[in-house]
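Structure record follows, encoded as structure tokens.
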Amino acid sequence: MKIYNTMNNHKEEFNPISNDKINMYVCGPTVYNYFHIGNARPFLFFDVVRRYFEYCGKKVTYVQNITDIDDKIIDQAIKEKSSFQEISERYTKAFYEDLQALNIRKADHNPRATEFINEMIELIRDLINNGYAYESNGDVYFKVEAFEGYGKLSGKNLEDLKAGARIETNNQKSNPADFTLWKKAKEGEPKWDSPWGAGRPGWHTECVVMSRKLLGGTFDIHGGGVDLIFPHHENEIAQAEAINGIRLANYWMHNGFLNINGDKMSKSLNNFFTTRDILKKYDADVIRFFFLSKHYRSPIDFNEDIIIESKTALNRFYEALGHIQILSLSDTKKDYDATLSGFIDGFKQAMEDDFNTAKAISILFDITREIWSDQNDTQKKQQAGLLLVELGQVLGFFSDLEKKLSSNVDQYAELLIQLFIEHRIQAKKDKNYSLADKIRQDLNAIGIELQDTASGTSWKVKK
RNA sequence: GGCGACAUCGCCAAGUGGUAAGGCUAGGGUCUGCAAAAUCCUCAUCCCCGGUUCAAAUCCGGGUGUCGCCUCCA
């Protein structure tokens with residue numbers, strides 16, 4: 001298994017700390033709104049990472065934090081004339097709902113920042129006592145020059161940071177690059193008591209405390225979006241390694257950004273799409289296909305055309321699974337021959353190469369071809385179908401096959417449709433094609449599509 | 001200004017030294033009374049210039065273009 005490690009900027013052999021157990025931590029949402037389609041990318045991708053490890057027989061402990069106290073939440077609370085608790089409560093709930101709708105499994109632990117305030121205060125106190133942080137007028141800052149390795153993840157050094165620093169309005173800091181550990185509460189803001197007065201912790205501290213508590217010392221994988229490399233992950237490393245004296249994480253994985261119609265998502269362009277809204281129009285598998293058909297580190301563009309393309313492509317899988325009536329095969333024993341086993345190897349090879357999901361998906365299309373191939377007997381086709389589902393589910397597809405492949409109409413409607421079909425067959429026998437076409441068109445108008453095949457006329461509900 | 005990434009068929013996208021996966025679209029075939037759906041077949045020498053090598057989309061140098069990060073945006 002090779003993983004691209006941001007720490008060294010190249011692919012490395014992945015050596016987990018424990019052979020059969022993998023610990024991973026992925027930065028979760030700040031719950032001040034519904035998450036947008038860009039946020040969905042890391043959630044979905046790391047879900048696949050986890051599924052793949054589990055497919056390989058590893059035990060995964062997956063931690064994803066929820067930032068439930070933060071400036072943005074406070075702003076939103078003011079805007080909605082609500083409390084920060086109400087806001088974070090509401091959008092935490094929405095977060096879980098949207099994850100489920102995307103068939104993203106919940107993490108093993110979803111620690112919330114407000115549950116760890118005491119631990120954060122302790123950490124900040126320890127940092128001060130060890131000379132890594134200082135208090136300044138009710139705020140506490142991390143002293144970046146005190147930590148030797150500062151900048152090692154993002155490839156920055158303090159000189160560059162100083163040169164590139166924006167105009168610093170905060171003169172409480174002794175160095176503009178120092179970052180906030182504790183923020184003094186302004187009038188009316190949420191606050192917790194601390195040795196430095198009432199306030200709230202800075203964002204970078206929570207992940208340090210939570211990962212230490214839930215994963216112990218050094219863990220295997222830390223993930224998130226590229227934008228988190230600096231400053232967030234850099235600052236996590238500084239705090240954790242200054243105090244613990246050991247590495248925070250061995251592998252740092254970062255997914256690329258998502259653009260909308262070629263533009264960066266931004267408020268001014270008003271091109272934010274919430275995942276929730278997109279799910280109203282497109283199936284979770286379509287969104288998943290869109291993401292996974294590109295490498296996770298590449299920047300990708302989200303637009304309507306590409307989603308429709310994903311939908312069309314994905315449909316090939318469903319057509320094939322419907323063709324062999326996969327639902328009736330639930331009790332069928334898996335018995336893959338050399339060809340099919342070869343696909344498993346190819347799939348694994350792709351995934352082991354820094355999670356090349358695009359390549360892995362191409363294997364799914366190869367398997368699909370086996371389902372249709374005239375060279376294969378029924379049994380082989382069925383086995384191919386079982387394999388398609390098995391590997392597809394490693395990528396998180398096919399979560400609700402029953403619902404997607406069944407017609408979902410009641411028995412009387414079904415009988416009526418059959419009745420129309422029989423009348424149409426009679427009309428065709430009588431060479432009354434105008435009537436036959438009318439029946440077909442009318443059924444089509446109410447969403448029932450007829451298809452004349454060699455074995456008779458079949459129908460399905462249009463999607 | 002500093003650091004870094006990327007540039008492959010009309011579109012999306014794999015590919016890190018041995019002679020270009022896959023998907024969408026398109027064209028052609030099969031099936032059909034006609035359709036639709038489905039399926040099968042066909043379709044690129046890899047931004048430009050130079051270099052290394054028996055051999056480069058893949059390595060090196062230069063150019064052009066696009067993009068990201070540089071204090072809280074996944």
Side-chain angles (χ1 to χ4, degrees), chain A residues 6 9-11 26-30 35-46 67 70-72 144 151 154-157 159-166 168 170 173 176-180 183 202-204 223-232 234-235 254-259 262 264-267 289-290 293-295 297-301 303 305-306 308-316 319-320 322-323 346 350 353 356-366 368-369 371-374 428-429 431-434 436-437 440-441 444 449-454 458 460 462:
Chain A
T6 308
N9 284 319
H10 57 73
K11 276 188 210 170
V26 177
C27 290
T30 298
F35 67 82
H36 58 65
I37 188 68
N39 297 120
R41 193 176 189 188
F43 302 159
L44 193 146
F45 171 68
F46 288 105
T67 302
D70 174 273
D71 289 2
K72 291 193 292 291
V144 291
S154 54
K156 299 179 189 309
N157 61 56
E159 286 308 307
D160 293 340
L161 285 172
K162 224 177 265 178
R166 291 178 186 168
E168 187 54 62
N170 183 345
K173 298 181 186 178
D178 292 348
F179 58 89
T180 307
K183 200 169 200 163
W203 174 42
H204 308 303
V226 275
D227 58 315
L228 295 184
I229 294 171
F230 191 90
H232 184 56
E234 196 71 71
N235 292 352
H254 294 97
N255 62 275
F257 250 57
L258 175 137
N259 294 320
K264 189 176 173 171
M265 265 194 275
S266 74
K267 292 225 167 73
F289 188 96
F290 159 71
S293 58
K294 290 102 184 142
H295 190 84
R297 281 186 283 113
S298 308
I300 56 176
D301 192 53
N303 59 67
D305 288 347
I306 206 77
I308 290 169
E309 185 185 307
S310 298
K311 186 178 170 181
T312 309
L314 185 68
N315 199 242
R316 288 171 58 83
E319 287 293 339
H323 178 65
D353 183 16
N356 191 337
T357 54
K359 186 86 175 283
I361 283 179
S362 80
I363 307 278
L364 299 188
F365 283 111
D366 291 340
T368 303
R369 216 167 291 119
I371 294 176
W372 290 109
S373 173
D374 294 337
K428 281 168 66 176
K429 272 188 192 150
K431 301 227 189 290
N432 186 352
Y433 293 125
S434 61
D437 288 349
R440 188 169 64 198
Q441 282 160 15
N444 196 59
E449 195 169 271
L450 297 191
Q451 290 160 6
D452 294 331
T453 68
S458 66
K460 67 177 180 186
K462 281 199 294 185

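Letters A, B, ... mirror the listed sequences (proteins, then strands); counts begin at 1.
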- Item | base_contact_polar (B:C34 base, A:Asp452 side chain, donor-acceptor, <3.5 Å) | yes
- Item | Base of B:A74 and ring of A:Phe257 stacked, centres under 5.5 Å, planes under 30° | yes
- Query: Taking for each residue the nucleotide of RNA chain B bearing the nearest heavy atom, is the 5' side occupied by A:Leu450 or by A:Pro299?
  - Reply: A:Pro299
- Task: Verify whether one side chain among A:Thr368 and A:Asp366 offers a donor that lies under 3.5 Å from an acceptor in the other.
- Result: no
- Query: Which part of the nucleic acid does A:Lys183 contact within heavy-atom distance under 4.0 Å: base, sugar-phosphate only, or nothing?
  - Reply: base
- Look at A:Asn356 and B:G15 and indicate whether a side-chain polar atom (N or O) is within less than 4.0 Å of OP1 or OP2. yes
- Task: Look at the aromatic rings of A:His232 and A:His204 and report parallel, tilted or perpendicular, splitting at 30° and 60°.
- Result: tilted
- Query: To the nearest Å, how far apart are A:His204 NE2 and B:A74 P?
  - Reply: 12 Å
- At what distance, to the nearest 0.5 angstrom, does CG of A:Asn255 lie from NE2 of A:His295? 10.5 Å
- Item | Residue matched to B:G4 through Watson-Crick or wobble contacts both under 3.5 angstrom | B:C67
- Item | A:Lys294 atom NZ: more than 12 heavy-atom contacts under 6.0 Å | yes
- Query: Looking only at side-chain N and O atoms, does A:Arg316 come under 4.0 Å of OP1 or OP2 in B:U39?
  - Reply: yes
- A:Ala313 side chain, from C-beta outward: closest of B:A74, B:C24, B:U16: B:C24
- Phosphate OP1/OP2 of B:C73 contacted by A:Lys72 side-chain N/O (<4.0 Å): yes
- Message: Is there a side-chain contact between A:Arg297 and the phosphate of B:A14, meaning an N or O under 4.0 Å from OP1 or OP2?
- Response: no
- For A:Ser298 and B:A14, is the shortest distance between a side-chain N/O and OP1 or OP2 below 4.0 Å? yes
- Query: Out of B:A38, B:A74, B:C72, which nucleotide sits closest to the side chain of A:Asn315?
  - Reply: B:A38
- Message: As a test of reading the structure: which of B:A13, B:A74, B:G33 is closest to the side chain of A:Lys428, going by heavy atoms?
- Response: B:G33
- According to a strict under-4.0 Å criterion, is A:Lys264 in side-chain N/O contact with OP1 or OP2 of B:A74? no
- Message: What is the distance, to the nearest angstrom, from the CG atom on A:Asp353 to the P atom on B:A14?
- Response: 12 Å
- Can you check the A:Gln451 CD to B:A36 P distance for me, whole Å? 12 Å
- Query: Of the nucleotides B:U16, B:A14, B:A74, which has the atom closest to the A:Lys11 side chain?
  - Reply: B:U16
- Message: Tell me the interatomic distance from A:His232, atom NE2, to B:A74, atom P, rounded to whole angstroms.
- Response: 10 Å
- Out of B:G22, B:A13, B:C70, which nucleotide sits closest to the side chain of A:Lys294? B:A13
- Task: Examine the base of B:C34 for any acceptor or donor lying under 3.5 Å from a partner atom in the side chain of A:Arg440, and report the outcome as yes or no.
- Result: yes
- Please check if any side-chain donor atom of A:Asn303 sits under 3.5 Å from a side-chain acceptor atom of A:Asp301, or the reverse. yes
- Is there a Watson-Crick or G-U wobble partner for B:C59 with both distances under 3.5 Å, and which nucleotide is it? B:G51
- Item | Face-to-face contact A:Phe365 to B:G23 six-ring, under 5.5 Å, under 30° | no
- Message: Under 4.0 Å, counting only non-hydrogen atoms across every strand here, what does A:Gly38 touch: a base, just sugar-phosphate, or nothing?
- Response: base
- Query: B:A74, B:G33, B:C24: which one has an atom nearest the side-chain heavy atoms of A:Met265?
  - Reply: B:A74
- Task: Round to a whole Å and report the spacing from CD1 of A:Ile300 to C1' of B:C67.
- Result: 14 Å
- Query: Could you state the interatomic distance from CG (A:Asn444) to CD (A:Glu449), rounded to the nearest 0.5 Å?
  - Reply: 6.0 Å
- Query: Any idea which of B:U25, B:C69, B:A14 is nearest the A:Thr312 side chain?
  - Reply: B:U25
